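As the structure is a computational prediction, the values presented were derived from the model and not from experiment.
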Amino acid sequence: MTLTAAALCVAMVLCWSLLTPGGISVDQWQGWVLAAAPLAIASMSQTLPIIAGGQGLSAGATMVLVASVVAGMPMATTGAALMAIALGLAVGVAVGCINGFLIGFLGLRSTPVTLATGGAAMAFALDLIGGYVGAADSLSALVYGWTLGGVPLLPLLLLALVCIAGMTFQRTRLGLALRAQGSDIAGARGGGTPVFIAYTAAGAGAALGGILLAAAYGLDNLSYGAPLLPQILAAIALGGGVSGLGGGSVLGSLLGALVVVTSSNLLMPLGISEGLLTAVDAGWLLLGLLLCVARRPTLPPAIVTRSAHQPLRWTIVVGCAFILLLAANLRPEAADLAAMAAGVGVLAVGQMAILRNGTVDLSMPALISMAAVTTVTLTQGVHDVLPKTLLLILAVALAVGLFHGWIATRIGRAVMIATLATAGILQAVSVEMLLTQPTGFTPRALTTVNEARWLGMSPFAWGLAVIGLVMVLVLDWPSSRRRLLVTYVASALASALFGIFVAAYGGSAGFSPIDTYLLPAVAAGWIAHTLSSGRGSVALAIPAAIALFAVDTVLLGSGAGYSMRIGALAVALVLAEWLGVRRVVRRAEAPVERTIA
């Protein structure tokens with residue numbers, strides 16, 4: 001895979017040179033270094049957790065958080081810039097240590113931990129970003145001031161040092177133990193000191209990448225830029241590393257990062273809109289995944305757990321519907337909140353069903369956004385085209401669900417990478433529609449339905465409740481590989497339908513870097529899945545979602561900021577995983593009673 005990444009890198013540079021009139025200039029090389037260094041350093045350091053078989057879903061958010069902290073500090077002198085760099089490193093290392101401690105020593109699974117820390121880090125970063133802040137001159141001079149022929153030397157030196165350190169670590173006893181840990185298809189769970197070091201190093205690498213971003217661009221709407229996580233994982237995948245499939249090398253990730261960055265320089269010469277950059281990154285991520293699958297003689301089996309029969313599932317669903325109905329009638333202004341809670345409950349049911357297969361669906365927020373944006377931009381408020389638009393949205397969701405379900409039966413939990421790639425493509429489509437289509441609004445027919453009240457609740461709330469009931473009945477069938485298809489299709493269709501409701505609720509749609517649905521849905525599904533030992537009915541996700549939604553509403557009403565609300569969800573997710581691990585440990589330590597016939 002390293003040779004493949006090297007060949008792709010050479011090919012990208014040659015294409016860039018051929019498509020650039022007069023050849024690549026010094027200024028272009030300088031811009032290339034500014035873009036490549038942060039991504040390459042973060043990718044190389046994040047390779048270590050991937051080698052251990054774990055996830056690194058907090059990598060991109062950690063970079064943005066560090067960049068926000070560093071760029072937001074006053075740096076009138078070189079000494080102040082050094083202090084800002086030290087603080088940024090401390091923040092990144094702290095995030096890495098938290099991940100490493102929870103995963104390596106407490107034995108928590110890497111997916112919920114890194115998803116929680118990533119969500120919290122991005123929330124805090126968005127609270128810090130108050131607007132555009134240019135790169136401080138003292139910081140830029142310190143990081144990029146030493147040049148040779150106009151090309152900055154310090155980023156290149158950092159690239160070489162991180163690469164050499166990573167390759168050396170891979171050959172040590174701890175590095176070999178890390179790779180042995182990754183041979184377990186269940187992922188990085190436990191592992192002690194090697195896993196702790198891997199995640200700490202990943203946090204430090206993300207911090208260096210964030211510092212380089214702050215020195216180059218300041219706070220130039222970092223949250224709205226090309227998503228960093230898909231780029232990082234694409235670079236690692238092109239270098240041969242995918243969590244759940246094993247493999248990976250620091251040198252390969254460096255070359256993969258250069259491929260990803262160089263390909264972005266080809267968009268303008270080829271006449272490709274910059275709005276499609278996330279789709280290009282998603283394409284590299286899928287290509288890396290396919291190459292990793294192709295080089296493995298055998299693939300890990302899909303993790304399919306069997307759910308126990310749940311006679312109380314009807315009671316759970318009906319009880320939750322009654323709670324929403326009561327809330328909407330006692331306080332009519334809560335009717336819209338009841339519909340939103342029902343929607344999050346439906347999303348949580350889909351995520352809990354997918355959790356039975358050892359993974360989560362990262363395409364959910366992008367599907368919601370795509371459905372909302374498509375409803376608005378393609379209809380432009382015209383009723384006549386609404387049916388065709390809705391059918392198109394559902395057809396796309398069906399295709400996405402079938403693709404995820406099909407690939408899940410073949411590569412197991414590594415399908416999470418495919419869902420992230422799909423999210424990148426869907427996000428690019430949404431952004432491109434917003435850039436190329438006139439600003440529209442939702443057809444009056446949808447907003448009228450949302451404003452109507454049946455027994456105190458919106459028809460959308462009743463519809464979402466029915467969808468949730470159908471999903472409970474279907475997804476609680478006995479386990480089988482074929483059910484994977486149904487699970488992913490149900491999750492995709494539910495996300496698309498919820499996106500249509502979001503468009504009807506808001507009257508319009510737009511792109512936002514703030515994801516308000518993925519973490520609540522995953523947290524609710526994970527809480528229900530963990531506390532029921534993975535064998536409970538998916539209906540348990542509905543009360544968990546309503547409870548989390550109620551807590552979030554209370555926090556919002558008390559004046560809590562976005563970061564505090566997301567932080568509470570992150571804590572709930574990690575706490576649920578810890579309680580589940582403690583339950584497993586207690587069962588393992590319990591004495592076994594033996595009977596003599």
Side-chain angles (χ1 to χ4, degrees), residues 1-12 15 39 43 46-47 50-51 53-57 182-183 185 187 226-227 229-249 251-264 266 276-303 354 357-363 366 396 399-429 481 484-485 488 492:
M1 288 292 290
T2 301
L3 292 177
T4 302
L8 286 172
C9 183
V10 172
M12 288 296 102
C15 290
L39 177 62
S43 301
Q46 190 59 46
T47 303
I50 299 297
I51 290 175
Q55 299 289 353
L57 303 179
S183 62
I185 64 170
L229 180 61
Q231 291 183 336
I232 293 172
L233 296 184
I236 298 172
L238 289 173
V242 172
S243 181
L245 296 178
S249 71
L251 179 58
S253 297
L254 169 61
L255 295 172
L258 299 183
V259 171
V260 172
V261 171
T262 307
S263 64
S264 65
L266 302 179
L276 297 177
L277 178 59
T278 54
V280 175
D281 297 334
W284 287 122
L285 183 56
L286 283 176
L287 177 61
L289 176 62
L290 293 175
L291 291 175
C292 290
V293 170
R295 70 179 176 82
R296 286 182 62 100
T298 58
L299 295 176
I303 302 173
I354 291 173
N357 310 309
T359 184
V360 297
D361 183 4
L362 297 178
S363 68
V396 172
V400 169
L402 288 173
F403 170 68
H404 291 164
W406 174 78
I407 200 170
T409 61
R410 286 156 175 80
I411 63 176
R413 72 183 186 91
V415 67
M416 187 187 302
I417 300 301
T419 66
L420 182 62
T422 305
I425 296 173
L426 293 172
Q427 180 179 324
V429 171
R481 282 177 175 266
L484 283 172
L485 283 172
Y488 280 97

Any chance you could measure L57, atom CG, to L420, atom CG, to the nearest 0.5 Å? 8.0 Å
Just how far is it from atom CG of D361 to atom CE of M416, taken to the nearest 0.5 Å? 9.5 Å
Rounded to the nearest 0.5 Å, what separates atom CG in L287 from atom OG1 in T4? 9.0 Å
pair S264-V280: side-chain heavy atoms closer than 4.5 Å: no
Let's go through Y488 and V415 carefully: what are the C-alpha distance in whole Å and the side-chain angles of both, what is the deciding distance for side-chain contact (heavy atoms from CB on, under 4.5 Å) to 0.1 Å, and is it a yes or a no? CA-CA 11 Å; Y488 280 97; V415 67; 3.2 Å; yes
Would you mind reporting whether L276 and V429 have side-chain heavy atoms less than 4.5 Å apart? no
For the residue pair L245 and L289, establish whether any side-chain heavy-atom pair is separated by less than 4.5 Å. yes
What are the two closest heavy atoms between A423 and S363, and how far apart are they? CB-CA, 3.8 Å
Which residue, T422, T419, T359, forms the side-chain hydrogen bond (donor to acceptor under 3.5 Å, both in side chains) with H404? T422
Could you check if a side-chain atom of V360 sits within less than 4.5 angstrom of a side-chain atom of L362, using non-hydrogen atoms only? yes
Please name the pair of heavy atoms, one in G248 and one in I51, separated by the smallest distance, quoted to 0.1 Å. O-CD1, 3.7 Å
Checking I236 against V242 for the side-chain contact (heavy atoms from CB on, under 4.5 Å) test, could you report, in this order, the C-alpha distance in whole Å, the side-chain angles of both residues, the deciding distance, and whether it holds? CA-CA 7 Å; I236 298 172; V242 172; over 6 Å; no
Rounded to the nearest 0.5 Å, the CD atom of Q46 sits from the CG atom of L39 at a distance of 11.5 Å
Answer yes or no: is there a side-chain heavy-atom contact under 4.5 Å between V260 and M12? no
Distance in Å, D281 CG paired with Q231 CD, rounded so as to fall on 0.5 Å steps: 4.0 Å
All heavy atoms of C292 vs all of A237, minimum pair found to be SG-O, 3.6 Å
Counting distance only, does the side-chain N/O of S43 pair as donor-acceptor with the main-chain N or O of A235 below 3.5 Å? no
From L286 atom CG to L290 atom CG, the distance as rounded to the nearest 0.5 Å: 6.5 Å
Of all heavy-atom pairs between T47 and S253, which one has the smallest distance, and what is that distance? OG1-OG, 2.6 Å
R413 vs S243 side-chain heavy atoms within contact, under 4.5 Å: yes
Who pairs with A5 by side-chain contact (heavy atoms from CB on, under 4.5 Å), at least two apart in sequence or on another chain? L255
Identify the heavy atoms of S249 and G239 that sit nearest to each other, and give their distance. OG-O, 3.8 Å
A side-chain contact here means heavy atoms from C-beta on lying under 4.5 Å apart; do W284 and L8 qualify? yes
Heavy-atom pair of closest approach, residues A282 and I425: CB-CG1, 3.7 Å
